[in-house]
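Structure, as structure tokens:
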Amino acid sequence: MDGRSALEGIRILDFTWVLAGPYATRILADFGAEVIKVQPLTGGEEINGYTKGYYDTWNRNKLGVALDLNKPQGIEIAKRLIQASDVVVENFSPRVMANWGLDYDSLKLIKPDIIMVSLSALGQTGPWRDYVGFGPTIQAFSGITQLTTIPGHPPLGLGYSYADHVGGLFAVIAILEALEHRRCSGEGQYIDISQLEAMCSLLDTALLDYLVNSRVASPVGNHSSQAAPHGVYRCRGGDRWCAIAVFTDEEWQAFCEVLGNPSWTREERFATVAERLRNVAELDQLVAEWTKQRTAEEVMTLLQRVGVAVGVVQDARDVAKDPQLRERGFFIGEGETRMDGTPIKLSATSARFDRPAPALGQDTDYVLRQLLGISEEEIARYREEGIIKGSAQLGGPGWHLGQK
Amino acid sequence: MSGYRILDVADEKGMLCSKLLADLGADVIKIEKPGGDSSRNIAPFLNDVPHPNRSLCFWYYNTNKRGITLNLEIGPGRELFQRLVAKADVLLETYPPGYLEKLGLGYSTLCETNPELVMASITNFGQFGPYRDYKSSDIVASALGGAMSVCGDIATSPLKPFGSQAYHTASLFAAVGILLALWNRHFSGKGQHIDISLQECVAATLDHVLVHYFHEQAIAQRQGGLHWSGAFRVFPAKDGYILLSLFQQWETLVEWLDSEGMAEDLKEAKWQDPETRRQGLDHVVEVLERWTKIHTVAELVEQGQLMRFPWAEVASIPRLVASPQLRERGFFVAVEHPELEIRYRYPGAPYHFSSSQWRISRRAPLLGEHNREIYEQELGLYSEELARLEQAGVI
């Protein structure tokens with residue numbers, strides 16, 4: 001594909017690590033922003049065998065510059081990079097950037113219209129600002145862990161770090177809003193994102209029901225107040241399950257027909273959604289009697305054919321082989337380099353996957369020379385003095401740094 | 001986002017998307033079918049009295065939007081719709097693929113009227129592919145996208161994350177797509193079509209579950225309160241539940257337990273090896289559980305966080321609302337409901353901007369609240385015409 005990328009010409013200086021921050025900057029990079037990842041000289045995730053796969057997945061399409069920020073010359077180079085950038089993103093704990101003299105007030109002095117985003121667990125202010133948090137920590141504070149369980153059971157929570165994706169997505173929206181704002185007003189700005197507050201926006205009406213009606217939300221398991229059957233049902237062949245959701249009367253009729261209209265489906269206690277919800281425990285049992293005689297795939301095919309919402313509870317391997325995801329090109333790469341592409345399908349400016357995650361300091365020389373106009377001799381000196389790390393190799397194939 | 005107009009014909013899948021943009025200042029016009037959007041019937045209701053204007057679900061997801069009614073299934077309705085599209089920057093829709101084309105309102109047709117139009121479609125499985133016409137819902141998307149395989153107890157069943165998280169992630173990705181397309185439009189002068197699939201959005205937000213599969217061929221399992229990676233787990237405390245990390249600062253943790261005489265055999269050197277701990281996780285958990293049970297949640301979280309452990313209270317909603325962190329940051333905001341002569345506190349901004357504005361300046365629209373304002377003032381219809389359209393079931 002040729003033509004313009006959506007974010008062509010936008011340069012992001014990326015101080016993020018782990019998941020939430022890199023996930024945000026990956027989205028920007030996929031759509032054409034030039035993301036320069038600042039890496040510590042000693043390397044981090046990129047050289048640790050345990051995290052290498054993660055690093056490779058969340059840092060594709062980015063350039064890698066290895067810089068020692070604990071040396072004044074390292075900070076000097078960082079500041080020159082900031083002057084050449086539109087956006088700075090970081091997800092350290094609060095104070096880290098300030099300790100380097102790279103807080104927003106300092107950045108504003110050297111680049112007045114800079115956009116800076118700080119993504120942290122609980123925000124840059126408040127009594128808990130210094131709390132340490134990863135996805136599961138944030139989920140626990142947010143209430144979603146307490147609410148994710150079967151009624152009457154101890155809290156289980158989500159078994160994965162959802163809050164990091166949420167934080168990353170909110171950060172992308174904030175950055176794109178700030179770019180629009182800068183375009184209209186000429187102003188840059190500082191954006192403080194608390195991953196906890198981002199999660200608090202995704203609790204359905206649990207918060208509003210408490211604030212308005214004083215009702216305390218409680219776990220609902222897989223049930224819904226609008227549909228029955230609504231849940232997962234064990235199918236044939238070990239730990240295999242299908243999710244089924246029957247909302248309307250029409251869907252219920254179609255569902256019963258596929259089951260062969262056994263007499264229980266005609267009983268008064270299952271006649272309407274309200275009745276089915278009242279007798280949901282018995283209903284679930286009867287549905288499970290039917291599903292357990294069939295494979296999950298069979299259940300899905302039989303019920304989807306008549307317009308009932310049903311899907312196999314897919315694990316990682318199922319998802320990797322899913323025919324729908326395949327047909328839509330959701331995964332990119334092969335073997336070891338296989339990974340998710342993007343769920344954002346744009347008709348005119350689709351995502352590009354040009355470049356694997358950078359090796360440590362892979363683009364240091366190139367960025368310093370091309371972008372900052374630093375001479376080869378100076379670069380060599382920085383390297384000798386242990387301020388930067390990088391290969392002498394210039395650039396990557398098909399990758400151009402625009403001049404600002 | 002002020003200056004952008006968004007037409008919103010989305011159902012629950014996209015409600016959050018247009019709220020995100022409306023709360024950032026976009027002019028969002030929510031188009032409901034005459035009689036009202038079905039989300040107006042979703043509980044809970046104000047004081048538990050069901051009414052189309054009292055659904056808290058509708059309230060929460062429709063802040064700052066203006067609301068009109070319009071029937072797209074009849075000719076005069078479609079004509080009005082086309083006129084609205086001509087003045088809009090974005091159309092957000094969640095109809096089954098092909099539905100708008102069938103009405104003569106597909107992207108290519110609307111583009112003829114308005115080549116700058118950005119159209120975002122959030123659907124169950126996307127605009128193409130073998131499952132294109134399949135039905136879905138939040139739980140079905142969570143199942144097929146992989147999320148439910150890593151939630152829930154192994155002894156019971158896979159579990160759906162609380163809340164409409166498949167709809168939420170789809171809305172977040174759609175909002176990003178819309179902003180990207182609007183940005184690109186500054187340079188290209190043209191709109192584009194955005195195709196968002198619920199299933200893909202779930203599969204795109206699974207932490208390292210897929211990475212782990214592609215790199216180690218290992219399939220993550222649901223393991224109750226234990227994170228799929230084994231790195232975090234929910235523990236019972238004296239007065240509630242707490243989330244602990246199991247692999248960070250191991251020696252510090254053992255010293256802490258030991259200072260209370262509760263480290264048992266975890267003091268042995270062999271446990272310093274993370275792999276040994278992984279293999280003997282059940283035992284590690286047992287010892288830790290004996291310790292957490294004699295402490296309160298607050299003791300452990302406060303002390304733990306001082307020592308840089310990423311621990312947290314497994315908070316209930318009232319605890320969350322009472323948290324000093326949210327209070328001090330002013331997370332909750334007051335929203336005026338003039339017709340009820342009352343203000344309610346709402347969940348507030350997910351981001352704090354120093355220059356851009358995030359605010360709720362208007363509660364969700366009452367049914368058909370802005371029909372007059374939009375049809376008369378903006379489209380120039382006479383009030384007699386409006387009455388006639390209403391009688392004919394167009395609005």
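Every chain is numbered from 1 and lettered A, B, ... according to where its sequence line falls, protein lines coming before strand lines.
Both the backbone and the side chain of W128(A) come within contact range of chain B, judged by heavy atoms closer than 4.5 Å. Within the 4.5 angstrom heavy-atom criterion, only side-chain atoms of L19(A), from C-beta onward, approach chain B. Proximity to chain A (any heavy atom under 4.5 Å) is restricted, for Y241(B), to the side chain, taken from C-beta onward. Heavy-atom distances place the side chain of S93(A), and not its backbone, under 4.5 Å from chain B. Interface residue A349(B): only backbone heavy atoms are found under 4.5 Å from chain A. Using a 4.5 Å cut-off between heavy atoms, L28(A) makes no contact with chain B at all. Of the atoms belonging to R326(A), not a single heavy atom falls under 4.5 Å from chain B. For chain A, no part of S245(B) is nearby; none of its heavy atoms comes within less than 4.5 Å. In this structure, chain A has a heavy atom under 4.5 Å from the backbone of S136(B), while its side chain stays farther away. Both the backbone and the side chain of V176(B) have a heavy atom closer than 4.5 Å to some heavy atom of chain A. Contact of I42(B) with chain A is made through the side chain alone, with heavy-atom distances under 4.5 Å. The contact between F31(A) and chain B is made entirely by side chain atoms (from C-beta outward), counting heavy-atom distances below 4.5 Å. For a residue to count as touching a neighbouring chain, one of its non-hydrogen atoms must lie under 4.5 Å from one of that chain's; by this rule V234(B) touches chain A with the side chain only. Of the two parts of Q165(B), the backbone and the side chain both hold a non-hydrogen atom closer than 4.5 Å to a non-hydrogen atom of chain A. At a 4.5 Å heavy-atom cutoff, the contact between V310(A) and chain B is made by backbone atoms alone.
With respect to chain B, the highest number of heavy-atom pairs below 4.5 Å among P219(A), P136(A), A316(A), G143(A) belongs to P136(A). Considering only heavy-atom pairs separated by less than 4.5 Å from chain A, the leading option among I139(B), L243(B), I342(B) is I139(B). Looking only at heavy-atom pairs under 4.5 Å with chain A, the residue among H215(B), Q217(B), R319(B) that has the most is H215(B). Put simply, of D56(A), T337(A), T148(A), T342(A), the one with the most heavy-atom pairs under 4.5 Å next to chain B is T148(A). With chain B as partner, the option from V220(A), T149(A), D164(A), L303(A) having the largest number of non-hydrogen pairs under 4.5 angstrom is T149(A). Most heavy-atom pairs under 4.5 Å with chain A, from the set F332(B), F128(B), F309(B), Y344(B): that is F128(B). Per-residue counts of heavy-atom pairs under 4.5 Å with chain B were compared for C184(A), A198(A), A174(A); the largest is that of A174(A). For chain A, the option among L16(B), D48(B), V209(B), I154(B) with the highest count of heavy-atom pairs below 4.5 Å is D48(B). Across C201(B), G177(B), S164(B), the residue that shares the most heavy-atom pairs under 4.5 angstrom with chain A is S164(B). Chosen from Q199(B), K190(B), R132(B), the residue pairing most often with chain A at heavy-atom distances under 4.5 Å is Q199(B). Here T205(A) is the residue among T205(A), L196(A), I138(A) with the most heavy-atom pairs under 4.5 Å with chain B. Of the listed residues (E327(A), Q195(A), H181(A), Q124(A)), the greatest number of heavy-atom pairs within a distance under 4.5 Å of chain B belongs to H181(A).
Side-chain contact of D322(A) with Q314(A): a donor-acceptor pair under 3.5 Å is present, judged by distance alone.
Closest approach of S142(A) and M199(A) over heavy atoms only: CB-CB, 3.9 Å. Among all heavy-atom pairs drawn from A245(A) and V308(A), the shortest one is O-CG1, 4.2 Å. Minimum heavy-atom separation, H165(A) to D207(B): NE2-N, 2.7 Å. The minimum heavy-atom distance linking A175(B) with I173(A) is given by the pair CB-CD1, 3.9 Å. When every heavy atom of D153(B) is checked against every heavy atom of R222(B), the shortest pair comes out as O-NE, 2.9 Å. When all heavy atoms are compared, the tightest approach of Y61(B) to K19(B) is O-CB, 3.4 Å.
Between atom NE2 of residue H352(B) and atom CZ of residue R329(B) there is a gap of 4.0 Å, rounded to the nearest 0.5 Å. To the nearest 0.5 angstrom, Q226(A) atom CD is 8.0 Å from H230(A) atom NE2.
Ring centers of Y23(A) and W58(A): under 6.0 Å apart, within the cut-off. Taking the six-membered ring for Trp, F214(B) and F331(A) have ring centres closer than 6.0 Å. Residues W311(B) and Y131(A) keep their aromatic ring centres 6.0 Å or farther apart.
No donor-acceptor distance shorter than 3.5 angstrom exists from the side chain of Q324(A) to the backbone of L144(B), with no hydrogens or angles considered. Checking side-chain atoms of N213(A) against main-chain N and O of R215(A) turns up no donor-acceptor pair under 3.5 Å.
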- Working for side chain to side chain contact (heavy atoms under 4.5 Å, CB included), residues N124(B) and Y134(B): CA-CA 7 Å; N124(B) 295 332; Y134(B) 275 12; over 6 Å; no
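Classification of R182(A) and E187(A) as a salt-bridged pair fails, no side-chain N sitting under 4.0 Å from a carboxylate O.
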